[in-house]
Structures are given as C-alpha cells and as structure tokens.
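Structure record follows, encoded as structure tokens.
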Amino acid sequence: MSLAERILKLKKEKNAVILAHNYQRPEVQDIADYVGDSIELSRKAMDEKDAEIIVFSAVDFMAESAAVLNPEKKVLLPTLGARCPMAQMLTVEEIQHAKLRHKGIPTVLYVNTSAAAKAQCDVCCTSANAVEIVSSLEEDSVLFGPDRNLAEYVQRKTGKTVIPIPDWGFCPTHVLFQPEDITVLRGQHPKAAVMVHPECTFETQKVSDFVGSTSQMCRYAKENAADTFIVGTEEGILHRLKKENPSKRFLLAYEGAVCPNMKLNTLERVYSSLREEKNVVTVPRSVSERARKALDRMLNLA
Ligand code: SF4
C-alpha cells in the first residue's frame, strides 16, 4: 500500500478530514479532501460537522484559526515548525500601541496573524475579502496589519485611510516578484494574462492584468479566455491551476517564489501526525473567545 493510500485509510478510520492550502506540495494537495485558500478552508472546517479530527496542512495561523472556529475538534498541524514569518511581524504590544496612538479607529487584521493578535482586533480579513471588509466599516480610517502591500492595495481600492501596523510588514515570498520578471515574460508571451497576489509590491501589481487572492486567481484563470497565464504567487498554486485548467498554460513569474514554511509539510508528516494524533494546535480560551468574535464578524460580513 502506498503512503497516500495509508493516509486515506487512516483518515477514514479516525474520522478525519484533511485540508490543504493552495501552496502545499502537489502530493499533499492530491490526498486532501479540500484544497483552497485560508477562508475557503476555514469554512470547510466548519462545514465538516461530523469529523473529529482536522489535519490542517498549511502554516500555524491557519491551523490556529481552525482550532478557534472548531473548539470541539482536534486540529493537527503536520509540522509544528511551519510558521508564517509575516504573521510573526505583528505583536500584541504593537497593536496595543497603535490603538493608543489612533484612538477610535477600528483595527482590521489579516488572518495571517497569531490568534493572540486576532484577539486584539475588531474584525479579520483575508486577501480575498479585505476590500469588502474595510468598505463595510463606517469609519474612513482603519488600522491594518501586518502586510503593508495589502494595506496599500486596500487603501487604493476603498479610498479610505489605511494605516499599516507595523509599517514594514511583508511576505518574504511575494516580495520576490519584481516588475522586470513580468515585463520579460510578457515579451516572450505577448498574449498571456498576468495575475498577481496583493502581497506583491505595488510596482509588480501595476504591470499586471489582475490582482487577487489565490481563490480569485483560480476563478480568473477559469473565466479568462487567455490560454497562457503568468502567475505572481507561491508556486504551489500552479498544481491546482493546471489540474482545473488542463488545456491552459501557467508560468510562474519568478521561479524562486517558494514559501519554505508551507513546504515543510510532507506526506510522511501528514501520516505521522494523523497516526499519532500529534502536533495538536490549541488556543487558550481567553484568547480564543475574542479571536473568534473577529473571525465570526469577518465570516458574517464577507
Ligand atoms: S506565502 Fe508568505 S504569507 Fe503565506 S505562509 Fe508563506 S510567508 Fe506567510
């Protein structure tokens, strides 16, 4: 029996569901029940009412959100060291200081934050719904963290004042995309459509045809008539894009755009975490209750 088959058998025996982020290794995506972005997977985790275990193959903050939203389930992260460096760029103290400096302004936090940070905010957002969430707030100014590029994107789209916290937060993988990479590829593939993530710099967004989250990119690729797409996000998404659009061609705008943390999860680690039910992600109740309010508000608004 192959390792993939053993995982599927074990999953049934333990009444588990496997969720994999779009940036996971192809072989991990292939054994998952659902592949998607953080918001799609959070919703799936809540829909799976009968499952007792959730194996969340992604990075720490996503598994934490699943634990907050599903307190009665056991949430496993295949590799405990799979941590999003961007999420670690925003501390609770920094949020508290920003709130003191900007009294009366709502705090909107990207889901790429720790549960402790989420517990400090008014509402969460993902890259797919950040514009919608900020637009839905009455106030004309918001504190927004931790990604500065996403904050600026939301400011351009909503016309509101979006104050980044910290003022330097970034995704180390998405800032690797440079406008020159796209210009060169466009020259080689003049009919290609270019889609990039809002975590890329504004300079890179400016030379693209479409800016959106990974789920929005998947939709754009399906609906757009182009047969070639230049892609500006983590390379794992290419597996899903090719699977869903077998007749289309997808080129990564920069070959080195790999998130090492996302890639820590292997089939072996998925198997051993499920077999031993280890790497359980828990969030203290005092934090979890407040983080849940911010996540619920996002799920209701979006
Ligand atoms: S791709 Fe960027 S934002 Fe996503 S987990 Fe990796 S470092 Fe974090």
Side-chain angles (χ1 to χ4, degrees), residues 19-26 28-29 32 35-42 56-67 75 77-91 108-118 124-130 144-154 164-166 168-178 181 195-202 204-205 211-218 231-241 252-266 269-270 279 281 298:
L19 307 178
H21 189 267
N22 287 322
Y23 299 159
Q24 292 297 282
R25 293 165 184 267
V28 173
Q29 293 189 31
V35 178
D37 63 12
S38 47
I39 182 82
E40 286 173 329
L41 296 179
S42 297
F56 212 118
S57 198
V59 289
D60 54 352
F61 72 84
M62 297 187 196
E64 267 191 354
S65 294
V75 178
L77 182 63
T79 314
L80 272 189
R83 295 204 173 135
C84 168
M86 192 218 287
Q88 289 163 25
M89 291 174 187
L90 184 59
T91 62
V108 182
L109 290 189
Y110 196 17
V111 285
N112 298 37
T113 42
S114 66
K118 288 184 181 77
C124 290
C125 71
T126 68
S127 52
N129 61 31
F144 189 102
D147 187 52
R148 189 182 174 108
N149 289 321
L150 182 60
E152 288 175 358
Y153 173 76
V154 172
I165 43 166
W168 53 272
F170 65 97
C171 162
T173 302
H174 283 92
V175 296
L176 294 173
F177 293 102
Q178 296 295 310
D181 303 328
M195 51 187 191
V196 305
H197 197 277
E199 287 171 17
C200 294
T201 62
F202 181 45
T204 299
Q205 293 178 32
V211 180
S213 69
T214 51
S215 56
Q216 289 164 338
M217 282 187 204
C218 289
V231 183
T233 191
E234 210 273 351
E235 63 91 36
I237 190 71
L238 295 191
H239 184 63
R240 178 173 167 191
L241 286 168
L252 196 62
Y254 173 67
E255 285 301 328
V258 176
C259 173
N261 287 280
M262 283 283 182
K263 298 300 191 264
L264 285 173
N265 299 315
T266 58
R269 289 176 175 175
V270 170
N279 302 346
V281 176
M298 168 187 78

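Whatever order the structure lists them in is the order used to number ligands and atoms, beginning at 1.
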Task: Cut-off under 2.8 Å, centre atom 8 (Fe) of ligand 1, protein N/O/S atoms - done: C84 SG
Task: Value rounded to 0.5 Å, distance of CG in D181 from CG in L176 - done: 9.0 Å
Is it the case that [X] and [Y] place a side-chain donor and acceptor less than 3.5 Å from each other?
X: T201; Y: N149; result: no
X: E199; Y: Y110; result: yes
X: R240; Y: N22; result: yes
X: E234; Y: T173; result: no

Open item on the list: Which residue and atom name correspond to the protein heavy atom nearest atom 4 (Fe) of ligand 1, and how close is it?
Closed with: Y23 CE1, 4.1 Å
- [ ] Specify whether H197 and H174 have parallel, tilted or perpendicular ring planes, treating 30° as the upper limit for parallel and 60° as the lower limit for perpendicular.
- [x] tilted
- [ ] Decide yes or no for C218 and L241: does some side-chain heavy atom of the first lie under 4.5 Å from some side-chain heavy atom of the second?
- [x] yes
TODO: Run the numbers for me: atoms of ligand 1, each under 4.0 Å from some heavy atom of E199, listed by number.
DONE: 3 (S)
- [ ] Look at ligand 1 and say whether H21 reaches it with a heavy atom at a distance under 4.0 Å.
- [x] no
